[in-house]
Amino acid sequence: MTSTAEIPEYPMARAKGCPFDPPPALQAKQAEGPLTKVRLWDGSTPWMVTRYAEQRALLADPRVSSDITRPGYPSPTPLNGAAPISFILMDDPEHARLRRMVTAPFTIKRVEAMRPAVQKIVDDLIDEMLAGPKPVDLVTAFALPVPSLVICELLGVPYADHDFFQDNSKVLINRDAAPEQRMAAVGRLNVYLNDLLGEKLANPGDDLLSGLTEVIRTGELSQHDAAGIGVLLLIAGHETTANMIALGTLALLENPDQLALLRDTADPKLVSSAVEELLRYLHITHNGRRRLALEDIELDGQIIRAGDGMIMANDIGNRDPDAFPDPDRLDIQRDARHHVAFGFGVHQCLGQPLARMELQVVYSRLYKRIPTLRLAADLEEIPFKHDGSVYGVYSLPVTW
C-alpha cells in the first residue's frame, strides 16, 4: 500500500532535454500499472490512470462524471465559487443539450467546405513571411494567426480583437494564475461576447454566434450562457491548434527524416497520417482529463470508490506501448488515429474535425513552400511552456 509520503505531486515536471516526451516519473508510473495515486494542489489524492486501454474504458463509462461542481472532483485550480464556463464540465443530459446547439459548424462536411479558405489564410501568411525579414518567430508570424483567423471567421468575431482574446486565454491556461486573475479574464471575455451577441441579435450573419441567437430567441439558451459557449470555442479554437503548429514544426525539424517524408509527399493520406501521429506524439494538453466516480468501479484489481477523483494522463496514454509499439519514436507512417489526444466517449473534442483540417493544410503547405526551413536557435534556447495546461513554445525562431 502506498504511504501518503510516497504519493507524487501532479502534474509531474518534465526533464530538461526531453521537450517532446512525458516526464520520466510519469513513464515510470505507467510501467508499474494503470492506476496510481497522485497529490493535487489542495492536498487531495485522486487516482491517475496511466494506460491507454483503461483511459478509454473510463472515459466511455456512464459511472464516470465530468461535472466539476460535484464534491471530490479533481479540479486543476481553485474554483473560488466560479460556475463552470462550458458544457464540457457538465454531464448529460445538460451537456448533450448544449453541445447539440453548436455541433453543426463542426461537421466534417462543413469543415471540408472551409478548406480552400484556410489554405488561402495559410498561403497568405507564408507569403508575408517570405517577403519579410529573417529569422522570424514562427509563433507570432504564423502559428497564432492561422487558427485565430479561422476561429474568428467561424464564430463571427472581428479579427482586430484577436490580441484581446489571446491575452485573456493565456491567463486561463496558466497554472500559476491566481483564481481572481482567472475569474477576471473569464469576466472580460464574457462581457465582450455578450455584447457581440447583442449586436448579432439585431443583425445576424452567417456565423456560429449568429446561429446561437436563434436559440436565445426561443428561450432555449440565455444570452449569458451563449457567451460562455463562445468563450470556450474561441479559446479552444486557437490555443491548442496554435501550439500544435509550432511544436509540431519543431518536432519535425528535430526529426529530419520524417520532415522529408512529409515535405516530399503528394499523398493526402500520408499528410493525414502525419497529423494523427503528431497529435499522438506531442499531446499538448497536459493537465489530464478530470473525472469523478459516481459508483464503485473495479479496475486492475483495485476499487475506485464512488466519490474518488480520476485523472486520465492522456500524454502518457498516447505513449502506451501496448497501444502504440515503439511509442517514443515519431513515425508519420504509423496508424495513430486511435490516439486519445481529443479524448474519447461523449465528451470527445467537438472541434476535432476543424483542428485536423487546419493541421493538414499547415503541414502540407508550410514545408513545401519553405523547403529549407530550419531553426535559427539551438534547441536548448527555445522557451517551452512549462507553466501552462497547454504545452508548446513561447517562440520559435526560424530561417531558411
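Everything numeric in this text was worked out from a predicted model, so none of it was measured. Sequence positions, counted from 1, serve as the residue numbers for this chain.
Formation of a donor-acceptor pair under 3.5 Å by the R63 side chain with backbone atoms of A306 is not found in this model. Not a single donor-acceptor pair under 3.5 Å links the side chain of S44 to the backbone N or O of L40. No donor-acceptor pair closer than 3.5 Å links the side chain of T107 to the backbone N or O of T103. H347 places a side-chain N or O within donor-acceptor distance of the main-chain N or O of M90, the cut-off being under 3.5 Å. No side-chain donor-acceptor contact under 3.5 Å links N255 to the backbone of D257. For the pair D207 (side chain) and S210 (backbone), a donor-acceptor distance under 3.5 Å is present. Checking side-chain atoms of T285 against main-chain N and O of A341 turns up no donor-acceptor pair under 3.5 Å.
Note: M129 CE to L366 CG = 5.5 Å, rounded to the nearest 0.5 Å. The structure places NZ of K200 at 13.0 Å from CD of E214, a figure rounded to the nearest 0.5 Å. Interatomic distance, D195 CG to E199 CD, rounded to the nearest 0.5 Å: 7.0 Å. Note that the CG atom of L59 and the CE atom of M310 stand 9.0 Å from one another [nearest 0.5 Å].
R365 is listed as a side-chain neighbour of D123, based on a closest heavy-atom distance under 4.5 Å. V122 places a side-chain heavy atom less than 4.5 Å from the side chain of V146. At least one side-chain heavy atom of K29 sits under 4.5 Å from a side-chain heavy atom of M12. A heavy-atom distance below 4.5 Å is not found between the side chains of R263 and L252. Residues Y281 and N318 are not in side-chain contact: their nearest non-hydrogen atoms beyond the backbone lie 4.5 Å or more apart. Between D308 and P46 there is no side-chain heavy-atom pair separated by less than 4.5 Å. A 4.5 Å side-chain heavy-atom check between E153 and L149 finds every atom pair outside the cut-off. A 4.5 Å side-chain heavy-atom check between E254 and L375 finds at least one atom pair inside the cut-off.
Salt bridge present: E277 and R280 bring a charged side-chain N and a carboxylate O closer than 4.0 Å. The pair D315-R319 does not meet the salt-bridge criterion, since no charged nitrogen lies less than 4.0 angstrom from a carboxylate oxygen. Salt bridge status for E112 with K109: absent, with no side-chain N to carboxylate O gap under 4.0 Å.
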Check residues 393-400 and write down every donor-acceptor pair under 3.5 Å in which the side-chain atom is one partner and the other belongs to a residue at least two apart or another chain.
from : atom 1 : to   : atom 2 : distance (Å)
Y394 : OH     : D387 : OD1    : 2.5
Y394 : OH     : D387 : OD2    : 2.8

Contacts under 3.5 angstrom, residues 268-275 side chains, donor-acceptor by atom type, not counting sequence neighbours:
from : atom 1 : to   : atom 2 : distance (Å)
S273 : OG     : I332 : O      : 2.4
S273 : OG     : R334 : O      : 3.1

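Among residues at least two apart or in separate chains, salt bridge (charged side-chain N to carboxylate O under 4.0 Å, His left out) pairs with a member in residues 288-303 are D296-R305. Among pairs with a residue in residues 126-149, those fulfilling salt bridge (charged side-chain N to carboxylate O under 4.0 Å, His left out) read D127-R369, at least two apart in sequence or across chains. Applying the side-chain hydrogen bond (donor to acceptor under 3.5 Å, both in side chains) test to pairs two or more places apart or on separate chains, those with a residue in residues 241-253 are N243-K385, T249-Y367.
Partners of F344 by ring pair (Phe, Tyr, Trp, His ring centres under 6.0 Å), not counting sequence neighbours: none found.
Classified by interplanar angle (parallel below 30°, tilted 30° to 60°, perpendicular above 60°), the ring pair H386/Y391 is tilted. Classified by interplanar angle (parallel below 30°, tilted 30° to 60°, perpendicular above 60°), the ring pair Y159/H162 is parallel.
Residues L221 and L98 approach most closely at CD1-CD2, 3.3 Å, considering heavy atoms. Annotation for L282 and A251: closest pair CD2-CB, 4.2 Å, computed over non-hydrogen atoms. In plain terms, the two heavy atoms of P158 and L196 that are nearest each other are CD-CD2, 4.3 Å. The heavy-atom pair separating G248 from Y363 by the smallest distance is CA-OH, 3.7 Å. Of all heavy-atom pairs between P353 and F106, the closest is CG-O, 3.2 Å.
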Steps toward side chain to side chain contact (heavy atoms under 4.5 Å, CB included) verdict (I297, I303):
CA-CA 6 Å; I297 300 172; I303 301 295; over 6 Å; no
Please test I382 against L250 for side chain to side chain contact (heavy atoms under 4.5 Å, CB included), starting from the C-alpha separation and ending with a verdict.
CA-CA 10 Å; I382 304 299; L250 179 56; 4.3 Å; yes
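Donor-acceptor pairing under 3.5 Å is lacking for the side chains of T265 and D267.
No chain of hydrophobic side-chain contacts below 4.5 Å, direct or via other Ile, Leu, Val, Met, Phe, Trp or Tyr residues, connects W41 to V171. Placement of I68 and M312 in two distinct hydrophobic clusters is found when ILVMFWY residues are connected by side-chain heavy-atom separations under 4.5 Å, directly or transitively.
Checking each of N314, V340, I316, D322 against Y52 for a side-chain contact (heavy atoms from CB on, under 4.5 Å) leaves exactly one that passes, namely V340.
Annotation: H338, atom NE2; neighbour count of heavy atoms from other residues, nucleotides and ligands within 6.0 Å is above 12.
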